[in-house]
Amino acid sequence: MDSLMGLINIEHEYDFLEELTYFRCGSAVPFAGRYRLIDFTLSNMVNSGVGEVAIFSNRKYRSLMDHLGTGSDWELAKRHGGLFILPPDWNDPTDISRGDLRHFHNNRDYFHRSKANHVIISGSQFISNARYEKAFNHHLENDADVTCITTRVNQFKPEHVSQLRVEHDEDGKIHNLTNDQQNPHVFTGVYIIKKDVLMKLVDECIAYHKDHFFFNGIKENLHRLNVQFYRYEGYSAFVNSIESFFRQNMNLLRPENYKALFFKNQFVRTKISNEPPVKYRKGAKVSDSMLANGSVIDGEVTGSILFRGVKVRKGAQVKNSIIMQRCTIEEGVRLENVILDKDVHISAGQTFIGSREKPFVVAKRKNI
Amino acid sequence: MDSLMGLINIEHEYDFLEELTYFRCGSAVPFAGRYRLIDFTLSNMVNSGVGEVAIFSNRKYRSLMDHLGTGSDWELAKRHGGLFILPPDWNDPTDISRGDLRHFHNNRDYFHRSKANHVIISGSQFISNARYEKAFNHHLENDADVTCITTRVNQFKPEHVSQLRVEHDEDGKIHNLTNDQQNPHVFTGVYIIKKDVLMKLVDECIAYHKDHFFFNGIKENLHRLNVQFYRYEGYSAFVNSIESFFRQNMNLLRPENYKALFFKNQFVRTKISNEPPVKYRKGAKVSDSMLANGSVIDGEVTGSILFRGVKVRKGAQVKNSIIMQRCTIEEGVRLENVILDKDVHISAGQTFIGSREKPFVVAKRKNI
Amino acid sequence: MSKECVGMLLAGGEGKRLGLLTKNLAKPAVPFGGKYRIIDFTLSNCTNSKIHTVGVLTQYSPMVLNKHIGIGKPWDLDRQHDGVSILSPFTAQKGGSWYKGTADAISQNMQFIDQFDPEYVLVISGDHIYQMNYQRLIDHHKEKQSEATISVIEVPWDEASRFGILNTKENLEIYEFDEKPQNPKSNLASMGIYIFNWKTLRKYLIDDEASDSSSHDFGKDIIPAMLNDGLRLFAYRFQGYWKDVGTIKSYWEANMDLLEEDLSLSLNSKEWRTYSHDSNYPPQFIEPNAEIDNSLVNSGCWISGIVKNSILFEGIDVGENTLVKESILHPSVKVGNNCTINRAIVMEKVTIPDGTVINGEEYDEPVVVNSENIEKFVTE
Amino acid sequence: MSKECVGMLLAGGEGKRLGLLTKNLAKPAVPFGGKYRIIDFTLSNCTNSKIHTVGVLTQYSPMVLNKHIGIGKPWDLDRQHDGVSILSPFTAQKGGSWYKGTADAISQNMQFIDQFDPEYVLVISGDHIYQMNYQRLIDHHKEKQSEATISVIEVPWDEASRFGILNTKENLEIYEFDEKPQNPKSNLASMGIYIFNWKTLRKYLIDDEASDSSSHDFGKDIIPAMLNDGLRLFAYRFQGYWKDVGTIKSYWEANMDLLEEDLSLSLNSKEWRTYSHDSNYPPQFIEPNAEIDNSLVNSGCWISGIVKNSILFEGIDVGENTLVKESILHPSVKVGNNCTINRAIVMEKVTIPDGTVINGEEYDEPVVVNSENIEKFVTE
């Protein structure tokens, strides 16, 4: 029976979120009140029936490991299949592979052991709540070697500049992947590939000293592979800079976006917390905001996203800001257009105001 | 309440088992039919009530991660506490720590988060089935900063050369750790330390650019610390070379040793397999051996240790050998004083004979 | 595998006085506190007290309860050799019988307890709200060299006659158990939490099973029999919040207590966590015109209206221009626009149409709304 | 959360014909094959067939069974939202009742099934030894647009009168169910494995519950009622090993079958694994003078004597100069020196003193030895 195994390849995702990625990889950055970026692609895979997912991680994967734990919160803690976080650990002196090919080469076992005959590969920067079954059916029906999942961009933003654009024949075969900034048909970075094609291309890439599987293995071989596309029509976002991170968080405060991302299809899965409901104390004023459990609010919150366990004391004002886990905002503080990373403590009486385009970012655990 | 957290520090354990450690760290090498070296120290910790164990790993930890999985087979897959495999992953440009101090420094969180106020630290080369409660009580009663677990060696073997020897006062305080080869009072490498003392010594070591926590932090500070010892009296073995590895495996074929290691105290825990009972077919001849489940025997086996899923075909003879998981020994093969690593296939009719002192070792997955 | 103490959690009661709330639901499974079920408090006490072997005795409508407890993961009780076990009535060669009383439920599961060969058995029930370290109770039991120790709480003298009262000497040794005494001699009320030496209890359970006249109840039969034989029984004084949520009124009050600022029981405590299931609902969404005051609101809620002094479970919608006041809304309740909900308990998945007004009277029992009686409140 | 197929595994039977083996043990929990319990074969079939939602209906002496199934880990059924659920009898507002028959057990747990809103319900029982892919059965069911499909196996014609026989047209459509027919018209015996369209079955179960004359059994009541109404029912032909281990003799035989070289059922198959608990016993230890021939031997065994054509569970000692032949030794049996054990089934934890001789007659039922009757065999 045809089935899918998953791979999240974050080897080529460098520290794209500045202060937020000083000590963690981008895929582990908190997003939308209770998630991490990786949760979206991982949930999509699990919700599409993928029972084994490997993660090719590179550096700063510690907090990613902490977040994912045994994988049980994604139903991936199994005796057979499950979640495999594969940090770089290779010791074969004869190994000549480079770039992400080293991962593919050194983790051949992962692919061989599985009974699945197709692989869905993705990074962590494409945010959506998708089921991949339809794309997989499309892939099978067209007997495609590769099926790229694409989307249509209606309004170009800076985060789209680096996304590849798709040019295809009438029969749906992709003949070119370009950087044509006028083309709204954008590749999401998610694709399905036949396992045997994958393994063959990996061998070729290594033999020719290549270092980027998608660019060298697929993009350069469009002429001799059957590369199809499947267009995803739902809500989506690319997050690849602080600016897009902030804007895409804020976009979710529009009801239609929030509903489209969270209440379509199945729920996005994330690490299970054990926080009590949000406590709104006497005098709290909260509006136009998204709050995660465990928070205790005495002050005023508008147009903001509060992660778990945030404390906003009496008289504090939080406006258009993103406040991550366990931050405490003491009495009388005023924040606007601010991103506080986890565990930040803002002492009483201070004011910090950033701009929409350049939010003021405070690194993890700072005590200001 | 006083309680213990665990740390298995394999940073300084280099590739001590030659071919067997080409692609895995020593702690992950199979031992005694169904275990890996690390199982013994990890089981001892769990059986002594330690609910959280971290592993400071260095290189080639992939098979260690595969073996330990989520930790659930050691009852360590918990929401609170549990098993933390901590590969090197540090990205702080201001970090000046060296050697295993880098681990201590970069994993401070592990120590801080826990409620335990003492830490039991061990490597993976000391094999025993011990309960540490008594040692911990001794540690508490003497208000020791550090308590070294020691043992008495009755017959010196090459593996003891590198073990530190203990010199102590009448009141049990260790005043010297030496290399005196005549002293039978040997330090096992396992010790209990107060958490606050540990953290203080780590800071000192880093400040003075030291690179070995035990040597620089403890051994050099015996004069100003209260370092006690607790002597373990049960069966034990050190494994730190191919020669000692082979001999210590074979020693377990003596009934009194097997009983002392496996049927004293609680069982040694290991990864749960799902192998059927050993199938002895018509004509099989097995004696003086230890066999793990999943094996199917048609031939002759004497004085040997067979891991899971080994097949010994008709007419094959296996003598004084260690045959690891899923090896197949075809018809008419003769093996004596041989170590086959996992997944080796020996085709029909061949003969391999090593010596007791220098067993013939065949690396993983070889097809001979 | 020997264990020092095995916990036996009585969760089989029907909880009749909770009316609609327990119509198809065991009392310990009734939702509580915006996220929890009543039994979570006792199970979390076990986890926090390091009682890792817990038998949960179920009988009445156990489906939701079983599903909630599941493999025990939220409480770290999903363990290979012990952890949480659900113990339902069963048949044996001599036939089967339902649990006839609290003591009978334990008697029928002696084999379960015996396999752990425990020194002590802790008997607790799944329908009280409190945070308690059972290890302190065990320590007290050991210190007093007691055969059975009962946890007690001081109640106001004028309410003492509503409780099972323990009369003790100065050293807390119990000499009399007074069930709902007209003229109480003490104000130490039993909390229904017992620690027994298993050897002793085992003997009394066997005798009690053999007795036809017994009601097989700890309070009515086992404890009096032990006192009668002159055994050393002690009381253990618990200080802190404790509430039996046996009626709709006390259920409502106990929920409202969570909104108090200075309650000794805290859901936000890091030292004594209350564990429960957590679903994958997204963070709550608060619309620009919403107002929320002195309330608990869980994940997945979508608030457009006004919420005051209320407890909202997960996945609730509160429509525009709607007021929810002094109410408890169970999971997935959808309240339309232009409604008023005052002093009501709205049960799971009830949809309240636009314009509905539900008004509980101030001193009466709060109104309980389910999907059958909701029609009564809808004015066309 | 909707599921295509929910499995309902009947595991409540007493298994009276297994005598001592089921004295305090549900039949599905009886040890089998050197490592397993009987139910492991059915549970593994579920896992391997990707049926991830399984209700196990228990009633008789369920403690060991419950403990064995536990959180379902060995079968990868320890899942948050589905996985394995143990369904015991319970009480509701109108009182409670024990499971009165196979169909009644399902009826009482309709609510459990409904929550998954399945298309199909698979009904299986926990006391057969076989390896079967239920997906093939489901495929066949869909293909035939059947309302209910029953898995059948060809039995020798001269034994057909001992089985429930299905008479079918050439296309396998069932027109008659013949319980133990004197003159069988077919040799297709029902394996007690049913797949139903849940909507259809639900209706028949409700009707069946209402009938006072019904014995609430699938074979006797539900299937005949469906045939009577002219529903499309089909047989599915299973090829492979299948054995009902209903008597001591068939239990012994089925164990001995595992020693056959060319059995279609294999414990060593990598494609169709049989899952069970695995303990932490060390590898088996074979002494210099031991001899083992044509046998299965599990971990933790210590063999000094001779073992032939036998099945040894974990943690067994076989003493010096002792012969164990054509026997089944359950876990932790200790056989002393100078013993002979021939054609016997020795139950868990029995200790056999030095010099004991137990000799089963060749064609008789094998001897079952437990800790009570062992004295009979000991000669002073």
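Letters go in sequence order (proteins before strands), and every chain restarts at 1.
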Which bit of D/Phe313 comes within less than 4.5 Å of chain B, counting heavy atoms only: side chain, backbone, both or neither?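 Neither part.
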Side chain from CB out, backbone as N, CA, C, O: work out which of these in D/Leu258 comes under 4.5 Å of a heavy atom of chain B, or both, or neither.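 Just the backbone, heavy atoms under 4.5 Å.
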Using 0.5 Å steps for rounding, measure from the [atom1] atom of [X] to the [atom2] atom of [Y].
X: D/Tyr281; Y: B/Arg34; atom1: OH; atom2: CZ; result: 11.5 Å
X: D/Phe285; Y: B/Leu253; atom1: CZ; atom2: CG; result: 5.5 Å
X: D/Ser299; Y: B/Phe262; atom1: OG; atom2: CZ; result: 11.0 Å

Can you check side chain to side chain contact (heavy atoms under 4.5 Å, CB included) on B/Met290 and D/Gln284, steps first, answer last? CA-CA 6 Å; B/Met290 196 195 290; D/Gln284 53 196 274; over 6 Å; no
Side-chain heavy-atom pair [X], [Y] within 4.5 angstrom cut-off:
X: B/Leu291; Y: D/Pro283; answer: no
X: D/Trp302; Y: B/Lys259; answer: yes
X: B/Lys279; Y: D/Val297; answer: no
X: D/Pro282; Y: B/Tyr258; answer: yes

Polar side-chain atom of D/Arg273 near backbone of B/Glu275 as donor-acceptor pair, under 3.5 Å: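 No, D/Arg273 side chain to B/Glu275 backbone: no donor-acceptor pair under 3.5 Å.
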Is a side-chain N or O of D/Asn280 found less than 3.5 angstrom from the main chain of B/Thr270, in a donor-acceptor match?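 Yes: the side chain of D/Asn280 pairs with the backbone of B/Thr270.
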Segment of [X] engaging chain D (4.5 angstrom heavy-atom cut-off):
X: B/Val278; result: both
X: B/Leu261; result: neither
X: B/Phe263; result: side chain
X: B/Val296; result: side chain

Is the number of heavy atoms from other residues, nucleotides or ligands under 6.0 Å of [X] [atom1] greater than 12?
X: B/Arg334; atom1: CZ; answer: no
X: B/Lys314; atom1: NZ; answer: no
X: B/Lys364; atom1: NZ; answer: yes

Walk me through it: do B/Asn293 and D/Lys35 pass the test side chain to side chain contact (heavy atoms under 4.5 Å, CB included)? CA-CA 10 Å; B/Asn293 274 352; D/Lys35 168 160 174 171; 4.3 Å; yes
Using a 4.5 angstrom heavy-atom cutoff, name the option from [options] with the most pairs to chain D.
options: B/Lys285, B/Lys282, B/Arg308; answer: B/Lys282
options: B/Ser289, B/Ala292, B/Gly33; answer: B/Ser289
options: B/Pro276, B/Ala284, B/Ser43, B/Ser295; answer: B/Pro276

For side chain to side chain contact (heavy atoms under 4.5 Å, CB included), just list the numbers for B/Asp288 and D/Glu287, CA-CA rounded to whole Å, side-chain angles, deciding distance to a tenth of an Å, and then say yes or no. CA-CA 5 Å; B/Asp288 193 15; D/Glu287 289 247 30; over 6 Å; no
Report the option among D/Ile303, D/Asn268, D/Ile292, D/Asn309 that has the most heavy-atom pairs separated by less than 4.5 Å from atoms of chain B. D/Ile292
Choice from D/Gly34, D/Gly300, D/Ala290, D/Ser295 maximising heavy atom contacts with chain B below 4.5 Å: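 Of the options given, most contacts go to D/Ser295.
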Could you walk me through whether D/Ile286 and B/Tyr280 pass the side chain to side chain contact (heavy atoms under 4.5 Å, CB included) check? CA-CA 12 Å; D/Ile286 315 298; B/Tyr280 294 85; 3.4 Å; yes
Under a plain distance cut-off of 3.5 Å, with no hydrogens placed, do D/Asp278 and B/Asn274 share a side-chain donor-acceptor pair?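 Checked: B/Asn274/D/Asp278 side chains show no N/O donor-acceptor pair below 3.5 Å.
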Where is the tightest heavy-atom contact between D/Ser279 and B/Ile272, given as atom of each residue plus distance?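 Answer, listing the atom of D/Ser279 first, then B/Ile272: O-CD1, 4.4 Å.
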